[in-house]
Amino acid sequence: MRRLEEAALKEWEHAFESDPGEREKFYLTVAYPYPSGAMHVGHGRTYIVPDVIARFWRMRGRQVLYPMAFHVTGAPVIGISKRIARGDEKAIRLYRDLYRVPEETLKEFVNPLTIVRHFSEEYQRVMTACGLSIDWRRRFTTVDPQYSKFIEWQWKHLGEGGHVNKGAHPVRFCPQCDNPVGDHDLLEGDKAEIVKYVMVMFQWKDSFIPTATLRPETIYGVTNLWVNPSVTYVRALVDGTSWIVSREAANKLALQDHSVTIVEDIPGTSLVDQIVNHPLCGDVPVLPATFVDPDMASGIVMSVPAHAPFDYIALRDVQAGGRYKDIQPVALIKVPHYGEFPAKDAVEKAKIVDQNDPRMDALTQEVYSAEFASGRLLEKYGGETVRQARESVGSLMIDSYHSSVMYEFDNRPVVCRCGGRVYVKILHDQWFLQYSDTAWKAQVAAHLAEMSLVPPEVRAEFERTIDWLKDWACTRKVGLGTRLPWDPDWLIEPLSDSTIYMSYYTIAHHLKHFNPEELTPETFDFLFLGKDSPNLKNRDALEMMRKEFEYWYPYDYRFSAKDLISNHLTFQLFHHAAIFPKKSMPRGMVVFGMGLLEGAKMSSSKGNVFLLEDALREFGADTVRMFLVGSAEPWQDFDWRNDLVYSTRKQIERFWNTIEECSGSGSLSSDVNLWLISRLQLHIQKATEALERFQTRQALQEAFYSIESDMKWYRRRLPEGVVGGSALRELQSVWIRLLAPVIPFTCEGLWKETGGEGLVSYAPWPVADKSKTDPNLELSEDLLFRTMEDIESIRKIIQITPSSITLCTAPAWKKAVFATVASAPDKNTVIREIMKDEQMRRRGKAVQDTVKQCITLIHRLPPALVEQYLMADMDEMAVFQKAREFIERECSVRVEIVDAAESTHAKAAAALPLKPAIVME
RNA sequence: GCGAGUGUGACUGAGAGGCCAAAAGUGACCGACUCAAGAUCGGUUCUCGCAGGAGUUCGCAGGUUCGAAUCCUGCCACUCGCACCA
């Protein structure tokens, strides 16, 4: 096996380097890997499935291009190298023990580039060992200077097309790391979302007291504020104005676009019973409440007891203490199914005793939802719906009443992987790709409608993604990557520099030899868009490259796992639409399922992975390939299970042995041989259709298991002492080629051994030959097969050893009945039709029974078989006579064949067409 | 929570109104060849049946139909995505 692999690899070394030619092209790409760790079998499938497709189309005579490169932009390797540098045990164990990086190399991982360099070498080595038919001349990484020039060109167009805008943006931020944090950087709180609050500014003496709210419109119903008397607040100068907030809030505000200087402490108690003012609600008192959390927004809240259950019950609680009796809820919203004070109704209906009741959250949610969905402000407050008022009052406050926005998480705490607390920070000068642009969306949606998507179910998800996509922060401060051409302080973020590189592949091997400085925007404009420009150097070379690009582009299919639908796969459509003309737009996408390992989710961080290289060593490349493409269709999730993989290897060995045995066979022309070849045509056709639809599993079922099961019957049917017949030589050649895309190493070896010409990788794909199919022959073999099954099933039940078997074929009149029934449109009236015939009527009840039996039988047979039977006018008697020797050998008993009409045995009456009566004695 | 998808026999998985007790593979069991095998070959593998048949199954509960694994409704479970991350 190893020798076989080595031999094939040697022959393939340059075999898949592909250049434009006369033939029609087929260009497929896979999302390039981010080489920050070793490949596991899940990665293996991602690249092997496209390889099977590539090999298939290559054999069908297409000029196939399957390129590969490495995506090394972004921040992860920076983090990894830092962790390794600081001696992080977990990281070191992962790389040293799981990925088996040699000690000396690991030491060099303090340089992030070493990591990607190390693993991209490993990727190429392992991919090659898998037999991937990649044109490696085109390999590049995304930090190559030439590629950076390409990205600059891309962004120049995006910028000029008005797709990139600058803005401020709230992000999760860790002050300890001094960096924004993504989901994967979080220890805790990965579900938390950033929520936008409006700070309502109440005047107190010469200061503002901001109260953060999601419902600014309820200002009209404010009866008081709540402060926590046990908390020490601060007075701070915020953007030059004096504010009273919690200490926590002061720190948060400093991250959110405000200059904050803390002036003095203000104990909560000193705020209690103070009177504050807001122009929209007048003077209100400040009341004490222990539920007020200083770490939530500003740390002071406004109270709307008519509409907020919490406020209602807190007010009730303080009033129970005998004070503040004069404060009454102020209603401002009318909601169907609720009275004047919805909060009161809800609290009373739920029989809430005090503010510590755990049901309070749900109750709050209920009232809020009801009011938001169907509430309307009272006429004296404008009569708007709550939905409208929330917006309009919010902006009114910001415009006229000193309010501003404050961001806070909806769930806390949020903790960074470094252990530090995470806050919301407003990032400035952030660049955005304007995916929210409706015109751009429409352009992409229109193109999507014309694309081929596999499997078709993913279309809905793409459509929804396009619809839902918002602006994307596309620049970063840290990581590897290309700088934004017009603002070099920023790096282009990794999901935004990997969207149109499929075009780069088409000429990547030429670009390599260019001085990056020569790769001006004008050069790329010429190469990819055909825009001429007077000052192009090296024109001849560029023109040739332009031709190559035009030959390959657009790509035919892009392959990727389904988790990339909502970002990469959709992004790349946007970018293509923004830059390329219609004729260069992508044609299709194939979306993969995910991988499981022995039933559990594969995950490098949990150590639950099986390295691809180990799999190759243990099972051999062909086994790994066949298992990965054959255990489930590409878009289904697959489960790597060692026992199944092991048996896959046995199947390949069986195939090898069968083919080897074929070669020794002499010539023998007979029905069985013709039958085998006839059946083969069907398998060729079905396997071909399956691969055209990317159904690798289905193709394998046809190309492997179906042929194998034919072989079983074939061997059984051969005369005694004969090992094989003339059909085998033809089958051999076809079979090797059918399996070559899936198990290329084995097939390359067999092809050579059986005298095939050249590489099987380039051998012509078998074509089903209609003239070799013989439906009648297949029908009679089918009849024979069914009859054998019946004989066996009877023998098993009666448990006697028969001394003779008699097959009674159905008499002619039953055939006539069968035919009439089979072609009758209405099976209910068919008896009447048949009974019109004088001859039939005379047979009486026998006809009636036969009709019933035929109806049942016809329902049970495959329609195609029945149809063929009607056309064939088969002589069953002759079929059985011919196979008599075979049946006798199989059953080890004397066999007689008679027409049922001539038999006196009671069983003979049961004979039907395609179902002879069987008499065992 | 929202969006998309999936639920079939011990397992992986075909099947998309009558061909369905439901392909193929795996596992298990029984034979054969063997000193032996994780080898190879043949058979069995929902229940019942001494005549090729009958009965109960395709996440759960209803419904449509002469007839449902397949169509409709509701429920439950699982997978993926929900963004500044490859």
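We name chains A, B, ... by the order of the sequence lines, and we start the count at 1 in each one. Computed from a predicted structure; not experimentally measured.
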Indicate whether OP1 or OP2 belonging to B/A39 is found under 4.0 Å from a side-chain N or O atom of A/Lys650.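 Yes, because at least one side-chain N or O of A/Lys650 sits under 4.0 Å from OP1 or OP2 of B/A39.
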Between [Y] and [X], does any NZ, NE, NH1 or NH2 come within less than 4.0 Å of an OD or OE carboxylate oxygen?
| X | Y | answer |
| --- | --- | --- |
| A/Arg795 | A/Asp790 | no |
| A/Asp782 | A/Arg786 | yes |
| A/Lys562 | A/Glu461 | no |

Looking at every heavy atom in both A/Tyr501 and A/Val30, which two are closest together, and how far apart are they?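 Looking at all heavy atoms of both residues, the shortest contact is OH-O, 3.6 Å.
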A/Arg889 and A/Arg717: which non-hydrogen atoms are nearest, and at how many Å?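 Heavy-atom minimum between the residues: NH2-O, 4.3 Å.
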Protein-nucleotides 3-12 of chain B N/O pairs under 3.5 Å:
unit_1, atom_1, unit_2, atom_2, d
B/G3, O2', A/Arg464, NE, 2.8
B/A4, O2', A/Glu461, OE1, 3.3
B/C11, O2', A/Arg641, NH1, 2.3

Scan for salt bridge (Lys or Arg N to Asp or Glu O under 4.0 Å) pairs involving residues 797-807 of chain A, sequence neighbours excluded, and state none if there are none.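 Checked against salt bridge (Lys or Arg N to Asp or Glu O under 4.0 Å) - neighbours excluded - no pair reaches residues 797-807 of chain A.
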Which base sits across from [N] as a Watson-Crick or G-U pair, both distances under 3.5 Å?
| N | result |
| --- | --- |
| B/A51 | none |
| B/C71 | B/G63 |
| B/U6 | B/A77 |

Side chain A/Lys470, main chain A/Tyr435, donor-acceptor under 3.5 Å: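 No, the answer is negative, given that no donor and acceptor are paired below the 3.5 Å cut-off.
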Categorize [X] for me: base, sugar-phosphate, or nothing, with a 4.0 angstrom heavy-atom threshold over every strand shown.
| X | result |
| --- | --- |
| A/Ala75 | sugar-phosphate |
| A/Lys907 | base |
| A/Glu789 | nothing |

A/Ile794 side-chain proximity, nearest of B/U40, B/G52, B/C85: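 Closest nucleotide to the A/Ile794 side chain: B/G52.
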Closest to the A/His71 side chain, choosing from B/A24, B/U26, B/A86: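 Nearest to the side chain of A/His71 among the choices is B/A86.
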Would you mind building the protein contact string for nucleotides 41-46 of chain B? One character per nucleotide, 5' to 3', B for base within reach (heavy atoms under 4.0 Å), S for sugar-phosphate only, - for untouched. SSS---
